[in-house]
Protein chains: 2
Amino acid sequence: MTQPDIAPNKPPKRKRLSSEARRQDFINQAIEFFAEEGFESSTRGLAKKLGVTQPLLYRYFPSKNNLISEVYDAVYVKRWQPEWEPLLRDRSRPLADRLNTFYKVYTDAIFNREWMRIFLFSGLKGVDINRRYMQLVRQRILEPILIEARVEFGLPDVPPKHCEVEFVWVTHGGIFYYGVRDLIYESAISTDKDRVIADAITALMAGLEIKLNGPKQT
Amino acid sequence: MTQPDIAPNKPPKRKRLSSEARRQDFINQAIEFFAEEGFESSTRGLAKKLGVTQPLLYRYFPSKNNLISEVYDAVYVKRWQPEWEPLLRDRSRPLADRLNTFYKVYTDAIFNREWMRIFLFSGLKGVDINRRYMQLVRQRILEPILIEARVEFGLPDVPPKHCEVEFVWVTHGGIFYYGVRDLIYESAISTDKDRVIADAITALMAGLEIKLNGPKQT
DNA sequence: AATTTAATTTGTCATTCGATAAATAAGCAA
DNA sequence: TTGCTTATTTATCGAATGACAAATTAAATT
């Protein structure tokens, strides 16, 4: 149990990080902490997890709310990958293939306990960044899918109707909710993510073909 | 502004409810309160909403956690309608019709702000009643749907496979998540609930026909 | 009206919360 | 080393929290 003190070049003392790096480290651990405990949890609890005292947090963040905003930013903004949209719009591949690839990488990005819990907590708080994220999903994912579907089916290029967007939302939400059941409720009975996605996309494509060709739409 | 005191048989003074009725009234208002503010909110805030002082709550409930348990019970257990399952199993009607009727009445029961927020809050807390509710959905809704689908398609009566249940879960979760978007995120762009349900069921039936007849399943 | 019983409020306690100021410790440059 | 700067801790404040006991009020019963 005696610690090997003879390590001259690397003293076991705490290495001092740059102020910005330390701040980022705090944010990253705050993501884990608030994701698990909720945003109502105490700054003292977070400080304990960080191994520091609670007032130190106020050297790096002016208030608890400011720290929470940094957590939102790190989760919502920085984990969004701009290449997702061109992937969906790549007409050299069948749409069903693109959708399978997209939902594979998209769920790789968001199907983790921290992301999903932060998302659900912030959604219940009704913060603005949550609404903006939903708009981003609609504009960069769902509407492109509908445009690509019309091309795939040889239909004229008209803007997606509201009820068409809702239809794609239901599939998207169903896949998202599979992640919630798997990672948060721990009630998913199949953990073969790619299989679940593939089946959902099969039904989505079949439904889209029926819906987009259907005669009477509002 | 003078109150009409001349109402001899019914004095405008506060009518005293029976102890049990008052308790139920507290629970009902606690549902609204905790649904909006979250379970971390204070008993003083609830008491203010009730128009009473905070210690009075402890005459009706031994602790805050006990009150929260009563809220769970009122939301999860008492709003479940046993007739939902026989409705799904009524083979005198086509399955698609039954599904449309079922999801119409099911969403009438759960698509309200209080129910959905209590559900999401309790899910994030990981309380046991949430897990039990998910099992109830699987056993009383999703698996019956798969059994009925096999009958509808003239397939042999074998128990549903895990990935088949997940497939129905995705549609079910998608419809549920439509309610979340509409009532909590307020980001739904079509509020024609029946239309959203009908489209989802069209895709579900098409997907089920493909999936249940498919050759290679695990 | 007098008495009993239940409902409700007042007052309070120990703890915990976010936040601030002052004191200390640790790294860095000369 | 010596001083200077930054990081971190100690101590503390006022407000809010869940819970309890005792006092008070209001309804019900006789």
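Here is how names work: the chains are called A, B, and so on, in the same order as the sequence lines, proteins then strands, and each is numbered from 1. Fair warning: this is a prediction, and the values are worked out from it, not measured in the lab.
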Rounding to a whole Å, what distance do you find between Leu67(A):CG and dC17(C):P?
15 Å
Are Tyr60(B) and dT8(C) close enough that a side-chain N or O sits under 4.0 Å from OP1 or OP2?
yes
DNA chain D-proximal residues of residues 37-45 of chain B, any heavy atom under 4.0 Å
Ser41(B), Ser42(B), Thr43(B), Arg44(B)
Between Tyr58(B) and dA19(D), does any side-chain N or O lie under 4.0 Å from OP1 or OP2?
yes
Sequence neighbours excluded, the answer for side chain to side chain donor-acceptor pair (under 3.5 Å) partners of Asn66(B) is none
Please enumerate all residues that pass side chain to side chain donor-acceptor pair (under 3.5 Å) together with Arg93(A), with sequence neighbours excluded.
Thr101(A)
Salt bridge Asp199(A)-Lys211(B), side-chain N to carboxylate O under 4.0 Å
yes
Mind jotting down which residue pairs meet the side chain to side chain donor-acceptor pair (under 3.5 Å) criterion with at least one end in residues 131-143 of chain A? Sequence neighbours excluded, please.
Glu85(A)-Arg140(A), Tyr106(A)-Tyr133(A), Asp128(A)-Arg132(A), Arg138(A)-Glu143(A)
Between dA7(C) (P) and Arg23(B) (CZ): distance, integer Å:
13 Å
Asn65(A) atom CG is separated from dC17(C) atom P, nearest whole Å, by 16 Å
Does the side chain of Arg22(B) get closer than 4.0 angstrom to OP1 or OP2 of dT8(C) through an N or O atom?
yes
Need the bend value for the helix from dA1(C)-dT30(D) to dA30(C)-dT1(D): angle between end axes, 5 pairs each end, nearest 10°.
10°
Salt bridge (charged side-chain N to carboxylate O under 4.0 Å, His left out) pairs, two or more places apart, involving residues 105-116 of chain A
Glu36(A)-Arg113(A), Asp108(A)-Lys193(A), Arg113(A)-Glu186(A)
The criterion is ring pair (Phe, Tyr, Trp, His ring centres under 6.0 Å); which residues satisfy it with Phe176(B), sequence neighbours excluded?
Tyr177(A), Phe119(B)
Tell me which donor-acceptor pairs under 3.5 Å the side chains of residues 38-49 of chain B have, and how far apart each pair is, sequence neighbours excluded?
| from | atom 1 | to | atom 2 | distance (Å) |
| --- | --- | --- | --- | --- |
| Ser41(B) | OG | Glu37(B) | O | 3.1 |
| Ser42(B) | OG | Gly45(B) | N | 2.9 |
| Thr43(B) | OG1 | Gln54(B) | NE2 | 3.2 |
| Lys49(B) | NZ | Glu32(B) | OE1 | 3.2 |

Atom CG of Leu56(A) to atom P of dG18(C): distance rounded to whole Å?
15 Å
Nearest whole Å is fine: how far is dA6(C) P from Glu20(B) CD?
16 Å
Applying side chain to side chain donor-acceptor pair (under 3.5 Å) to Thr107(B) and Tyr178(B), what does each step give before you reach the verdict?
CA-CA 10 Å; Thr107(B) 55; Tyr178(B) 164 74; over 6 Å; no
The criterion is side chain to side chain donor-acceptor pair (under 3.5 Å); which residues satisfy it with Arg150(A), sequence neighbours excluded?
none
Atom CG of Leu57(B) and atom P of dA21(D): how far apart are they, to the nearest Å?
17 Å
5'-most contact on DNA chain D (nearest-nucleotide basis), Arg59(B) vs Lys64(B), goes to Lys64(B)
Select from Phe26(B) and Gln54(B) the residue whose nearest nucleotide in DNA chain C is closer to the 5' end of that strand.
Phe26(B)
Shortest side-chain distance from Pro55(B), nucleotide among dA21(D), dA7(C), dA19(C)
dA21(D)
